[in-house]
Student: 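Encoded as structure tokens, here's the structure I'll be asking about.
To find a chain, count down the sequence lines: A is the first, B the second, and so on, and within it residues start at 1. Only heavy atoms go into these numbers, but all of them, side chains included; no hydrogens, no water, no symmetry mates.
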Amino acid sequence: MTVRTRFAPSPTGYLHIGGVRTALFNWLFARKHGGQFILRIDDTDQQRNVAEALAPILSGFRWLGIDWDEGAEVGGPHGPYYQSQKSARYQDAVRQLIDKGLAYHDFATPEELKAERESAEKEKRSYLYSRKWLAETPADRARFEAEGRKSTVRLKMPRAGTCRFHDHIRGDMAIDWVSEQDHVIQRADGSCLYNLANVVDDFDMKITHVIRAEEHLSNTARQIFIAQGLGYPLPEYAHVPFVAEPGSKNKLSKRKIAQYLKNQDFKKIYEHGQNIAAVLGLTTSADTFNPVIVDFFEQVGYLPHAIVNYLLLLGWSLDDKTEFFTREEMIKSFSLERVNKAPASYDPSKLWAFQDHHMRALPLADKVERCLPFMHKAGHAADAAKVELIIRAAGDRIKVAGDILDYADFFAPDHALKYDEKAFDKRLRKAPESVRLLTAYKDRLAGIEPFDAAKLEKSVQDFVAAEGTKLEQIIHALRVAVTGKAVGFGLYEALAIVGKQGCVKRIEVALAKIGN
RNA sequence: GGCCCCGUCGUCUAGUGGCCUAGGACACGGCCCUUUCAAGGCCGCGACACGGGUUCGAAUCCCGUCGGGGUCACCA
């Protein structure tokens with residue numbers, strides 16, 4: 001039997017990092033065993049704009065390279081892959097359960113239910129529905145309907161015995177049936193609920209391994225009850241611990257971004273991304289553009305493989321030392337048995353370290369290919385050749401593709417370079433000796449041929465020796481004058497990239513600016 | 001609160017009775033290098049939740065305690 005796994009997002013409008021990890025484990029498991037990975041959509045018929053809310057999720061998976069064999073947009077032989085298109089199928093399943101006496105119409109009103117629950121709570125007794133408005137015969141139904149009541153359909157759960165199943169991550173599980181409620185599987189309006197739909201879908205799609213987040217552990221017994229009632233074979237289960245917040249064991253939530261921003265590591269990654277987004281003119285808000293949402297990383301220029309590699313190690317490990325994996329190695333090495341049982345905290349600074357590593361390893365041509373579009377998006381008429389020079393000079397300072405924007409000034413018009421005023425003050429305005437040297441040195445630029453880093457370095461050193469001064473006296477002034485900034489990569493590389501004419505012009509502009 | 005799950009450095013983890021005076025990685029601190037920044041080199045800080053057993057020997061097995069979390073919908 002070929003392995004079939006699935007991930008079933010509901011269309012929420014964004015792809016959450018925790019969801020990606022669960023999907024990744026499913027994908028990896030399927031790929032490892034030569035099986036199929038299915039992307040099914042858990043929408044409900046009430047939701048609107050499903051297509052719109054789904055688009056970022058699908059594009060996120062595509063960007064990450066997590067591809068699916070069947071499901072949304074690609075179709076397949078076991079569709080439909082959207083819950084909203086399967087109402088009749090679910091209702092049919094509900095009917096079967098009723099016929100077998102495993103489910104019943106229930107005419108209780110929400111108020112009556114609430115009252116029962118509250119009184120149970122008051123008496124400190126664990127709540128179990130009284131089945132007071134249960135209707136298994138046509139006569140009962142007619143009687144309740146005459147009262148004007150509407151019915152839901154509930155599971156008639158066993159009230160004795162134990163449900164046992166094996167979990168690939170947790171081991172042998174045992175849940176007492178009494179602890180299970182008579183869960184509603186069909187609403188009063190006829191639509192069906194998650195637990196029912198889920199089991200039917202998994203069967204229809206021939207899912208062999210249900211790999212999902214641990215919050216579904218408590219759904220498992222009732223789903224087994226449904227599956228057995230319907231005569232379906234049981235899938236194998238693996239409940240993955242959830243991804244926790246940075247520095248805590250609470251479940252990571254996109255609704256608590258403001259709180260995470262108090263975490264220094266999270267804040268650093270967030271602000272770095274926001275800065276890039278600002279340069280690109282993206283309209284962003286903390287709610288939708290932050291390091292919990294995959295789109296953030298894509299927009300800022302992270303490497304999808306770095307994200308995947310990080311997520312792989314969040315709750316899973318191969319051994320005590322292997323950290324970096326290619327796609328093939330991941331697929332080959334992955335196993336459910338080595339997934340940890342305890343939740344793992346999301347650590348943005350570790351993700352950053354993976355990004356750093358993979359970015360360093362990226363061939364120059366690939367870096368250019370990734371960085372160039374960022375220059376264009378920011379409105380600079382950058383050419384690949386010059387961007388390549390910049391990337392070569394910047395080296396590992398470029399951590400994400402969007403960092404190329406730190407060097408956008410190389411494309412600024414020489415007469416309109418923006419200066420870091422603080423650096424300008426310190427290195428030029430308040431440094432008359434540096435200004436004198438800079439003025440004198442400017443005239444030497446004309447004679448430098450070729451105008452490359454090596455010649456420039458020699459030129460500056462000769463000049464300093466001739467003047468009997470120190471390197472520091474001119475170097476900082478030169479950097480600020482030509483690049484506008486106090487920091488950057490090697491000074492001589494920077495000068496070479498700006499070019500002879502550019503350097504002369506920029507120095508002139510800077511000198512003229514000093515008096516102002 | 002009921003039910004369930006989990007518990008090794010700040011974080012991710014290795015560890016399945018002796019290889020552990022607990023290893024690696026990230027982060028952090030210090031020093032060196034240095035024209036700035038980044039990088040690099042070296043050094044360092046830092047954990048078996050606690051208490052009882054079992055055993056010659058326990059991070060590893062058992063019991064209890066404590067702590068953290070998940071879940072208890074006509075959500076998924």
Student: With a non-hydrogen cut-off below 4.0 angstrom, is A:L491 in contact with a base, only sugar-phosphate, or nothing?
Tutor: base
Student: Would you check if there is a donor-acceptor pair between the side chains of A:N195 and A:Q223 at a distance under 3.5 Å?
Tutor: yes
Student: So, A:Y127 versus A:S119: side-chain donor-acceptor pair below 3.5 Å or not?
Tutor: no
Student: When both hydrogen-bonding distances must be under 3.5 Å and the geometry is Watson-Crick or G-U wobble, what is B:A39 paired with, if anything?
Tutor: none
Student: Is any side-chain N or O of A:R427 closer than 4.0 Å to OP1 or OP2 of B:U35?
Tutor: no
Student: So what does A:G395 touch, heavy atoms closer than 4.0 Å: a base, only the sugar-phosphate, or nothing?
Tutor: nothing
Student: Counting the atoms with a prime plus P, OP1 and OP2 as sugar-phosphate, which does A:A486 contact under 4.0 Å by heavy atoms, base, sugar-phosphate, or nothing?
Tutor: base
Student: With A:E421 as reference, evaluate A:K485, A:K430, A:R429 under the salt bridge (Lys or Arg N to Asp or Glu O under 4.0 Å) test and give the passing residue.
Tutor: A:R429
Student: For A:P9, report the nucleic acid contact type (base, sugar-phosphate, nothing); a contact means any heavy atom under 4.0 Å.
Tutor: nothing
Student: For A:R212, which contact category applies under a 4.0 Å heavy-atom criterion: base, sugar-phosphate, or nothing?
Tutor: nothing
Student: Tell me the partner of B:C9, counting only Watson-Crick (N1-N3 plus N6-O4 or O6-N4) or G-U wobble (N1-O2 and O6-N3) with both under 3.5 Å; none if nothing fits.
Tutor: none
Student: Need one value for A:T152: base, sugar-phosphate or nothing, where a base atom within 4.0 Å counts as base even if backbone is also close, heavy atoms only.
Tutor: base
Student: Looking only at side-chain N and O atoms, does A:K249 come under 4.0 Å of OP1 or OP2 in B:C12?
Tutor: yes
Student: Only pairs with both distances under 3.5 Å count, Watson-Crick or wobble alike; so what is the partner of B:G44 in this structure?
Tutor: B:C28
Student: Would you mind classifying the nucleic acid contact of A:A188 as base, sugar-phosphate or nothing, using non-hydrogen atoms under 4.0 angstrom?
Tutor: base
Student: Given that A:N340 and A:Q83 both sit by RNA chain B, which one's nearest nucleotide is further toward the 5' end?
Tutor: A:N340
Student: Once you apply a heavy-atom cut-off of 4.0 Å, does A:Y492 come out as touching a base, just sugar-phosphate, or nothing?
Tutor: base
Student: Strictly by Watson-Crick or wobble contacts shorter than 3.5 Å, is anything paired with B:A14, and which nucleotide is it?
Tutor: none
Student: Quick one: does A:K350 reach the base of B:A25 with a side-chain donor-acceptor pair under 3.5 Å?
Tutor: yes
Student: Select base, sugar-phosphate, or nothing to describe what A:H239 touches, counting heavy atoms under 4.0 Å on all strands.
Tutor: nothing
Student: Counting only side-chain heavy atoms from C-beta out, which of B:A76, B:A73, B:U36 sits nearest to A:D42?
Tutor: B:A76
Student: Quick one: do the A:D182 and A:Y104 side chains pair a donor with an acceptor below 3.5 Å?
Tutor: yes
Student: Below 30° counts as parallel, above 60° as perpendicular, anything between as tilted: where do the rings of A:F107 and A:H105 land?
Tutor: tilted
Student: For the C1' atoms, the ones on B:A14 and on B:C75, what distance do you get once it is rounded to whole angstrom?
Tutor: 39 Å
Student: Just checking, is any N or O donor in the side chain of A:E180 or A:H183 under 3.5 Å from an acceptor N or O on the other one?
Tutor: yes
Student: Look at the side chain of A:R170 and the base of B:C5, then say whether one donor and one acceptor between them are separated by less than 3.5 Å.
Tutor: no
Student: Determine the contact category for A:E323: base if any of its heavy atoms lies under 4.0 Å from a base atom, sugar-phosphate if only primed atoms, P, OP1 or OP2 are that close, otherwise nothing.
Tutor: sugar-phosphate
Student: Rounded to whole angstrom units, what separation is found between the CG atom of A:D347 and the C1' atom of B:C26?
Tutor: 6 Å
Student: For A:L351 and B:C12, give me the distance from atom CG to atom P, rounded to whole Å.
Tutor: 14 Å
Student: Using the P atom as the reference point in each nucleotide, state the distance between B:C50 and B:G40 in Å, no decimals.
Tutor: 36 Å
Student: 5'-most contact on RNA chain B: A:L313 or A:V184, nearest heavy atom basis?
Tutor: A:L313
Student: Taking only side-chain N and O atoms of A:R479, does any of them lie within less than 4.0 angstrom of OP1 or OP2 on B:C37?
Tutor: no
Student: Could you work out the separation of B:C4 and B:C20 based on their P atoms and round it to a whole Å?
Tutor: 39 Å
Student: Could one point to a donor on the side chain of A:N195 or the base of B:A76 with an acceptor on the other under 3.5 Å away?
Tutor: no
Student: Classify the nucleic acid contact of A:K485 as base, sugar-phosphate or nothing, counting any heavy atom under 4.0 Å across all strands shown.
Tutor: nothing
Student: Taking the side chain of A:F242 as its heavy atoms from C-beta onward, which of B:G69, B:C37, B:G10 lies nearest to it?
Tutor: B:G69
Student: Is the A:F410 ring parallel, tilted or perpendicular to the A:F489 ring (thresholds 30°, 60°)?
Tutor: parallel
Student: What's the CG-P distance between A:D176 and B:C72, to the nearest Å?
Tutor: 19 Å
Student: Less than 4.0 angstrom between a side-chain N/O of A:K321 and OP1 or OP2 of B:U13, yes or no?
Tutor: no
Student: In whole Å, what separates the C1' atom of B:G24 from that of B:C5?
Tutor: 28 Å
Student: Roughly how far apart, to the nearest Å, are B:G44 and B:G51 at atom P?
Tutor: 30 Å
Student: Just to verify, which of A:R149, A:R154, A:K150, A:R131 counts as forming a side-chain hydrogen bond (donor to acceptor under 3.5 Å, both in side chains) with A:D106?
Tutor: A:R154
Student: Taking the C1' atom in each of B:G67 and B:U8, what is the distance between them to the nearest angstrom?
Tutor: 15 Å
Student: On a whole-Å scale, what distance lies between the C1' atoms belonging to B:C61 and B:U16?
Tutor: 10 Å
Student: Scan A:R338 against the nucleic acid and name what it touches under 4.0 Å (heavy atoms): base, sugar-phosphate only, or nothing.
Tutor: sugar-phosphate
